[in-house]
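Residues take their numbers from the sequence shown, with the count starting at 1.
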Amino acid sequence: MQNSKAAAAAAKKQKLKGCSALCCSCRLSVSSSSEEAESSSSGRYPTILSLTHAMVQEKLDKMIREREEAKNEEMRRRRRRADRDERTKFIVMIAMEKSSYDPREDFRESIEQMIIANRICDPKDLRRLLNYYVSMNAEEYRGVILEVFHQVCTTFFLSCKQPSSHQV
């Protein structure tokens, strides 16, 4: 019983002694020592010192939380930016007017070169490439472009997925 009273008294002394490491690490003395002794002996009212200490500690805790939240938000922004940059793929295409005796073969070569050079394998990127060819060429070539594009994609992507036992 006496040990618990002594421990409580020691804890109370330590608490009144000064701020903790997260605080200003100085001893705040707002009231005189006789006032402090009187108000600590009454036990009903906290001392001005302990109130001041609690206010400073609360303010510092708030500042630390805000700093951590800002740091975490910045890290989230960087991750989102990195993810977005990783997914963004730039493909430079230049349209040329060309006279051809075999437009089907020219489209085939052009589409194959674009897929290989830009390492296109994502369905969205393939759709963009097809839309580009359709939009940049005359309406009379749309059927040829669609056929050739289908053949090229079948050759490149479906033949790779076939098991070796089914290949001729």
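- Rounding to the nearest 0.5 angstrom, the gap separating the OG atom in S50 from the CE atom in M55 is 11.0 Å.
- Residues satisfying the side chain to side chain donor-acceptor pair (under 3.5 Å) test with R78, not counting sequence neighbours, are E74.
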TODO: For V152 and F107, run side-chain contact (heavy atoms from CB on, under 4.5 Å): C-alpha distance rounded to whole Å, both residues' side-chain angles, the deciding distance at 0.1 Å, then the answer.
DONE: CA-CA 10 Å; V152 169; F107 282 125; over 6 Å; no
Acceptor/donor pairs from residues 134-143 side chains to any protein atom, 3.5 angstrom cut, sequence neighbours excluded:
residue, atom, partner, partner atom, Å
S135, OG, N131, O, 3.0
S135, OG, Y132, O, 3.1
N137, ND2, Y133, O, 2.7

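- In the hydrophobic cluster analysis, where Ile, Leu, Val, Met, Phe, Trp and Tyr join through side-chain heavy atoms closer than 4.5 angstrom, I116 is grouped together with V148.
- Shown here for L126 and C153, the closest heavy-atom pair between the two residues is CD2-SG, 4.2 Å.
- Going from atom OG1 of T155 over to atom NE2 of H150 covers 9.5 Å, rounded to the nearest 0.5 Å.
- Note: E66 CD to K71 NZ = 15.0 Å, rounded to the nearest 0.5 Å.
- R67 CZ: 12 or fewer foreign heavy atoms inside a 6.0 Å radius.
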TODO: Take L130 and I111 through the side-chain contact (heavy atoms from CB on, under 4.5 Å) test and state the conclusion after the steps.
DONE: CA-CA 9 Å; L130 176 61; I111 292 170; over 6 Å; no
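- Separating the CD1 atom in I48 from the NE2 atom in H53 is a distance of 15.5 Å, to the nearest 0.5 Å.
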Open item on the list: Run the side-chain contact (heavy atoms from CB on, under 4.5 Å) test on N118 and L129 for me, step by step, so that the C-alpha distance in whole Å, both residues' side-chain angles and the decisive distance to 0.1 Å come before the verdict.
Closed with: CA-CA 11 Å; N118 294 300; L129 182 64; over 6 Å; no
TODO: For the pair D125 and R128, evaluate side-chain contact (heavy atoms from CB on, under 4.5 Å) and give the outcome as yes or no after the intermediate values.
DONE: CA-CA 5 Å; D125 294 334; R128 287 186 194 123; 2.8 Å; yes
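- Atoms CE and CD, from M63 and E58 in turn, are 13.0 Å apart once rounded to the nearest 0.5 Å.
- N72 contributes atom CG, which lies 13.5 Å from atom CZ of R65 (distance to the nearest 0.5 angstrom).
- With respect to R76 and E73, a salt bridge is recorded, a charged nitrogen being found less than 4.0 Å from a carboxylate O.
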